[in-house]
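Here is the structure we will look at.
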Amino acid sequence: MSPGLLFSFVIAYFVILLIVAWYTGRNSNNDSFFIGNRNSNWMLVAFGMIGTSLSGVTFVSVPGAVGKDAFSYMQITLGYFIGYVTIAYVLIPLYYRLQLTSIYNYLDTRFGTKSYKTGASFFILSRTLGATARLYLVVRILQDAILSSFGVPFWVTTLVILIMILLYTYEGGVKTIVYTDTLQTTCMLAGLVICVGFILHTMDLSLGQSLSAMHERGLTTIFNTDPDSKLFFIKQILAGAFITITMTGLDQEMMQKNISVKTLKDSKKNMVSLAFIMVIVIGLFLFLGGLLHLYGAQQQVTATGDKLFPELALHHMPPVISVIFIIALISALFPSADGAMTALTSSLCIDILDMQRRSDWSEATKKKVRQRIHLLMAFIFLLFVMVFEWVNNQSMIGVILKVATYTYGPLLGLFAFGILLKRKVNDALVPLVCVAAPLLCLVVDTYQSVLFGHFQIGLELLIINGFFTFIGLLLISRKA
């Protein structure tokens with residue numbers, strides 16, 4: 001299919017998003033933008049959060065990684081399940097009890113202003129890096145598949161996509177995103193199912209036959225039982241649980257949608273439902289990954305990793321599948337990018353600029369400031385995507401999870417200390433502790449072969465980071 005025709009489908013899809021945004025964003029205010037007026041339907045939030053949690057990286061990287069790691073990603077997914085349930089029954093009740101707009105206000109209440117600003121700053125850093133890494137991968141695919149043929153530079157493609165996201169989130173914020181994410185998650189999952197069905201039909205395989213063929217190629221192994229390996233199942237499950245607790249439960253973007261739900265009971269149902277759904281959906285992505293490797297071998301395709309799915313969908317499948325792939329990919333991109341941009345805008349306005357406490361600012365002034373911050377975040381996203389283009393890593397999901405182990409660790413330590421202990425900390429020293437913990441982790445990670453021999457530390461570095469932060473806080477604390 002010609003790039004021009006593919007591009008026309010992208011434009012049509014975006015027009016639909018704009019219509020939804022216009023309809024849902026009418027008469028919106030700052031409260032609508034930040035927390036959807038606390039009136040969101042829990043079922044829509046739960047379904048839309050599938051798209052936010054997965055992103056374009058999952059859509060491309062998880063299937064692509066099956067050739068190297070088989071189905072071992074399911075180990076992390078089982079950890080995700082534990083993490084979602086923990087969030088539902090530990091963190092969400094805390095946020096509702098305190099009636100938070102920004103979840104980092106908890107740190108202000110519990111420790112003080114320095115801790116509050118530190119937690120919010122680590123979120124801003126974490127989400128900016130994670131969201132722009134996800135955005136980069138999809139923009140790179142769209143550039144190669146469509147825009148390069150028109151001679152459009154990569155930075156222009158990125159800028160246009162960011163302007164698209166700005167246009168439909170500029171007024172409504174969370175209120176709009178709840179609906180657009182639902183639409184986009186539907187398109188993404190439909191694309192996933194259609195691609196699975198196409199390959200099974202084309203290769204004339206039943207479900208059982210395809211699993212047998214994958215098993216013969218060693219693609220179906222889930223559990224790694226080597227304690228020294230980074231993929232050891234206990235490490236992966238623990239890492240998955242804490243990744244979810246931090247990247248969802250301690251993340252303003254994800255919790256912003258949850259606390260927009262009407263009641264605590266509905267918010268809990270949203271999170272528990274998501275726990276079950278994610279196991280099923282990730283399982284389907286891994287199954288698709290196995291099919292892609294079987295189909296790629298049949299087609300004699302040499303592409304691997306993140307490049308496998310795009311190569312097959314765009315050059316070795318019928319034009320209609322190419323269109324479905326592009327729409328599904330964009331549908332996976334937008335929920336992770338629009339929510340991140342909105343949440344980062346919210347955090348900068350509420351946590352850093354103290355907008356809600358500024359009685360000297362009118363609502364019109366606050367709205368103007370919020371819109372300018374929104375534009376600033378789009379510019380920052382553009383800069384970071386260009387950095388990732390320069391780095392050009394072959395597997396972005398590994399990059400994102402690695403970054404998370406460093407940037408979310410201090411948040412894990414802060415919230416764990418606040419919830420588990422009643423001690424008071426020296427608030428002025430908290431920023432030093434939260435900077436020192438990741439630096440210690442960098443030393444441990446760099447010299448782990450010297451420190452631990454054959455034992456390899458993987459994503460559980462996040463837990464170590466949180467532990468270092470916890471110990472640091474303990475050292476600067478006293479009894480309440």
Side-chain angles (χ1 to χ4, degrees), residues 1-19 51 54-64 66-67 135-154 156-158 160-161 164 180 183-207 210 213 281 284-285 287-335 337:
M1 178 172 286
S2 70
L5 193 53
L6 278 175
F7 188 63
S8 67
F9 280 103
V10 173
I11 296 301
Y13 178 78
F14 175 64
V15 169
I16 294 171
L17 285 181
L18 280 182
I19 293 170
L54 295 176
S55 82
V57 173
T58 307
F59 195 78
V60 172
S61 281
V62 170
V66 168
L135 179 62
Y136 160 72
L137 175 64
V138 181
V139 173
R140 180 74 266 168
I141 294 171
L142 292 175
Q143 177 73 18
D144 293 341
I146 300 175
L147 280 306
S148 289
S149 61
F150 297 122
V152 178
F154 178 84
V156 173
T157 302
T158 307
V160 169
I161 288 175
M164 287 180 174
T180 55
L183 170 64
Q184 292 168 147
T185 300
T186 301
C187 292
M188 181 187 69
L189 295 180
L192 171 62
V193 172
I194 290 169
C195 288
V196 167
F198 168 79
I199 296 175
L200 286 174
H201 175 74
T202 302
M203 298 187 70
D204 194 24
L205 293 172
S206 66
L207 181 63
S210 62
V281 173
L284 193 54
F285 269 107
F287 180 66
L288 172 63
L291 288 177
L292 288 171
H293 283 83
L294 295 178
Y295 186 69
Q298 185 187 78
Q299 298 292 316
Q300 297 182 329
V301 170
T302 58
T304 58
D306 292 351
K307 295 182 178 180
L308 177 63
F309 195 4
E311 173 66 24
L312 289 173
L314 297 173
H315 303 295
H316 298 272
M317 294 183 184
V320 66
I321 301 296
S322 299
V323 172
I324 290 169
F325 171 78
I326 289 294
I327 296 301
L329 185 67
I330 296 171
S331 299
L333 159 68
F334 280 170

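Both backbone and side-chain heavy atoms feed into the values below; hydrogens, waters and symmetry mates do not.
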- For residues 188-206, pull every pair meeting side chain to side chain donor-acceptor pair (under 3.5 Å), keeping only residues two or more places apart or in separate chains.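 Found Ser206-Gln209.
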
Restricting to non-hydrogen atoms, name the atom on [X] and the atom on [Y] that form the minimum distance, rounded to 0.1 Å.
X: Cys187; Y: Ala328; answer: O-CB, 4.0 Å
X: Leu294; Y: Ser210; answer: CD1-O, 3.9 Å
X: Ser322; Y: Ala313; answer: OG-O, 2.8 Å
X: Gly191; Y: Ile324; answer: CA-CG2, 3.6 Å
X: Pro63; Y: Leu288; answer: CG-CD2, 4.4 Å
X: Phe9; Y: Ile327; answer: O-CD1, 3.8 Å

[atom1]/[X] to [atom2]/[Y] distance, rounded to the nearest 0.5 angstrom?
X: Phe309; Y: Leu291; atom1: CZ; atom2: CG; result: 10.0 Å
X: Gln299; Y: His315; atom1: CD; atom2: NE2; result: 13.0 Å
X: Cys195; Y: Leu292; atom1: SG; atom2: CG; result: 7.5 Å
X: Leu312; Y: Lys307; atom1: CG; atom2: NZ; result: 14.0 Å

- Query: Just by modelled atom types, is the His316 backbone N or O under 3.5 Å from a matching donor or acceptor in the Tyr295 side chain?
  - Reply: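 Between the backbone of His316 and the side chain of Tyr295 there is a qualifying donor-acceptor contact (under 3.5 Å).
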
- Can you sort out the partners of Ala190 under side-chain contact (heavy atoms from CB on, under 4.5 Å), two or more places apart, ordered by chain and number?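 Testing Ala190 for side-chain contact (heavy atoms from CB on, under 4.5 Å), a comparison that skips the adjacent residues, returns none.
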
- Among all residues two or more places apart in sequence or in another chain, which pass the side-chain contact (heavy atoms from CB on, under 4.5 Å) test with Ile16?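 Per chain and number, Ile16 pairs via side-chain contact (heavy atoms from CB on, under 4.5 Å) with Leu183.
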
- Steps toward side chain to side chain contact (heavy atoms under 4.5 Å, CB included) verdict (Ile161, Phe14): CA-CA 10 Å; Ile161 288 175; Phe14 175 64; over 6 Å; no

- Are Thr304 and His293 side-chain neighbours, meaning at least one heavy-atom pair lies under 4.5 Å?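 Sidechains of His293 and Thr304: no contact.
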
- Query: Can you tell if the side chain of Ile199 reaches within under 4.5 Å of the side chain of Met317, non-hydrogen atoms only?
  - Reply: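 Side chain of Ile199 against side chain of Met317, heavy atoms only: contact under 4.5 Å found.
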
Taking only distance into account, with no hydrogens and no angle test, what donor-acceptor pairs under 3.5 Å do side-chain atoms of residues 141-149 form with protein atoms, sequence neighbours excluded?
residue: Gln143; atom: OE1; partner: Thr157; partner atom: OG1; Å: 2.4
residue: Gln143; atom: NE2; partner: Ser148; partner atom: OG; Å: 3.3
residue: Gln143; atom: NE2; partner: Val152; partner atom: O; Å: 2.7
residue: Asp144; atom: OD1; partner: Arg140; partner atom: NE; Å: 3.4
residue: Asp144; atom: OD1; partner: Arg140; partner atom: NH2; Å: 3.0
residue: Ser148; atom: OG; partner: Gln143; partner atom: O; Å: 2.8
residue: Ser149; atom: OG; partner: Ile146; partner atom: O; Å: 2.6

- Working for side chain to side chain contact (heavy atoms under 4.5 Å, CB included), residues Leu207 and Phe287: CA-CA 10 Å; Leu207 181 63; Phe287 180 66; 3.4 Å; yes

- Task: For side chain to side chain contact (heavy atoms under 4.5 Å, CB included), just list the numbers for Val320 and Ile194, CA-CA rounded to whole Å, side-chain angles, deciding distance to a tenth of an Å, and then say yes or no.
- Result: CA-CA 10 Å; Val320 66; Ile194 290 169; over 6 Å; no

- Message: Run Phe285 and Val66 through side chain to side chain contact (heavy atoms under 4.5 Å, CB included) and show every step you take.
- Response: CA-CA 10 Å; Phe285 269 107; Val66 168; over 6 Å; no

